[in-house]
Amino acid sequence: MLIAVAFSALILVAACNSGGGGGGNSFKFTDVTAQSGFNYTHGFKRPPSSESLIISGGVAAGDYDGDGWVDLYVVRGNIGPNLLFRNMGDGTFQEVGGTAGLDIDNSRGSGPTFADYDGDGWLDLFIGGIGRTDPSLFRNLGDGTFEDVTLASGLIDETNTYSAAFGDYDLDGDLDLFITHWLVLGTPKYLLRNNGDGTFTDVTSEAGLPPFTVATINSFTPNFADINNDGWPDLLIAADFGKSRVFINQQDGTFTDATTPVISDENGMGASVGDYDNDGDLDWFVTSIFDDDGVAEGNWGVTGNRLYRNTGDGTFEDATDEAGVRNGYWGWASCFADFNNDGFLDIFHVNGFPQEDPDFVNDPSVLFISNGDGTFTEMAKELGLDDTGQGRGVVCFDYDRDGDIDIFIANNQQPPRLYRNDGGNSNNFLNIKLIGLPPNTESIGARIFLTLAGETQMRELRAGSNFESQNPVEVNFGLGSATLVEMISIKWLDGATIVLGDVAANQFLEIPHPNLP
């Protein structure tokens, strides 16, 4: 269904003229952690006895209370209760975990993820667990509080669950769940089908996925993404020890392993999915371990990150060296985001590991700025991101609603960091959020195409993982100096499409599905 509409008929303007001035491109990042209200640390009561704990952590990002501002939920190890930070809309966050019923204590949580799994319009919360901490699921009651529905949902007895992704792989309207595990014996659950009644069923085997034993895969970061442009969400799994995998959706409830030798990352950890070259298909960036001496002092690889460029049919080619993004130290969570609003996605990722080779202890975060021609220049320190913490999770989001993308880093056994983007909005922007048909109320899987001066940018909405972390389900387009967008085309998973013309820059827009009343 194709619907062409007038701009004013379908778009709700949540905020406008929030920054962009057009023309300039000078920006930097400022550490605003303390003044924003983040005064906690992640940690454990005893020194971690396993790598599983040193790897764990993370942060979820989403507007849980529906006030238009993105909130954050962080796990803390077992040094104290997990924390829910409500965005106050003035540059600060207020911790409300206790009031909300999310102050889980004495746990070893990992990979929290917001998603509206029951389709009532409110973001619920999944939290993974390490060791003896099982995953948990909390239902948002719509009044600022959450109810623990773990037992009723069937999400129990899954150890060492690191990251999660929600997506409608079977196109039945509701959000299914994929969770990752690392160094787990036996055959744990991975793909969990939403039954539409608040429960989930393990369909890993039924979906044609391998058993994912220690011998076959050690998975870290999952993402549902339509990599072959057929309208069905496929699966991209970044996994350790050379086990990253590509699974193509067969449109019948099953997947086929389409991994080729091109998928060659040695220690796939974090991941980003996005159209970095603006050619209309989704590319895949995977963080790994780079050692400049070329010698592995342990059971890890040394050849660094991979940037897998989509050839247009769902297959990938290795563009790592051409793009200049191989050296990222000991990489973890990453994200694609247009930090300078020039119309091209940049790459940020966190790093570090406190054990093994001491060379990795103070690894810096990495920021690859796109040159607009398929190549990148590393500029983290130059742009104020002089960060050498034990980064695990990361959120790239516009927390202050000024039109540029800021960065929150969730560290392991250290305090977090919030870096405010100052000047990224000297170029213009357009922020778009979709209102979907229930039960997929955030329109997970929908695609937004923005055409400007004959060039098109494409974004796909995902409740996926950066590694133990997620970005909010919205898109921020950089427009450069342009003040008017020629065309916006939106395609939902159910096939509904709308086209908008002559859209003014520097707005936060909410666009509803055409079949909503």
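Checking T92, D71, D65 one by one against R86, the side chain to side chain donor-acceptor pair (under 3.5 Å) holds for a single residue, D65. With F353 as reference, I55 is the one residue of I289, I55, D363, V361 to meet the side-chain contact (heavy atoms from CB on, under 4.5 Å) rule. Applying the side-chain contact (heavy atoms from CB on, under 4.5 Å) test between F348 and each of I369, V366, I407 identifies I407 as the sole match.
For the pair V70/V395, no side-chain contact is recorded, criterion being any heavy-atom separation below 4.5 Å from C-beta on. Taking 4.5 Å as the limit, some side-chain heavy atom of T30 sits within range of a side-chain heavy atom of K28. Here the side chains of D103 and E95 are not in contact, with every heavy-atom distance at 4.5 Å or above. A heavy-atom distance below 4.5 Å is not found between the side chains of T180 and T221. Counting heavy atoms from C-beta on, the side chains of V473 and S443 never come closer than 4.5 Å. Proximity of F376 to L307: side-chain heavy atoms (C-beta onward) are separated by under 4.5 Å at one or more points.
R306 and S288 form no side-chain donor-acceptor contact under 3.5 Å, judged by distance and modelled atom types alone.
The aromatic rings of W182 and Y162 sit perpendicular to each other, their planes meeting at more than 60°, with 30° as the lower class boundary.
Note: F285 and Y276 fail the aromatic proximity criterion, with ring centroids not under 6.0 Å apart. Checked against the 6.0 Å centroid threshold, F85 and F38 count as a close aromatic pair.
Sorted by first and then second residue, the pairs that involve residues 444-467 and meet ring-ring contact (aromatic ring centres under 6.0 Å, His included), not counting sequence neighbours, are F220-F467, W332-F467.
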Working for side-chain hydrogen bond (donor to acceptor under 3.5 Å, both in side chains), residues N471 and N466: CA-CA 8 Å; N471 295 337; N466 303 328; 3.1 Å; yes
Verdict with supporting geometry, N305 and T320, side-chain hydrogen bond (donor to acceptor under 3.5 Å, both in side chains): CA-CA 7 Å; N305 301 328; T320 308; over 6 Å; no
Working note: Y73 + Y64, criterion ring pair (Phe, Tyr, Trp, His ring centres under 6.0 Å); need CA distance, chi angles, decisive distance, verdict. CA-CA 10 Å; Y73 183 80; Y64 83 93; 9.4 Å; no
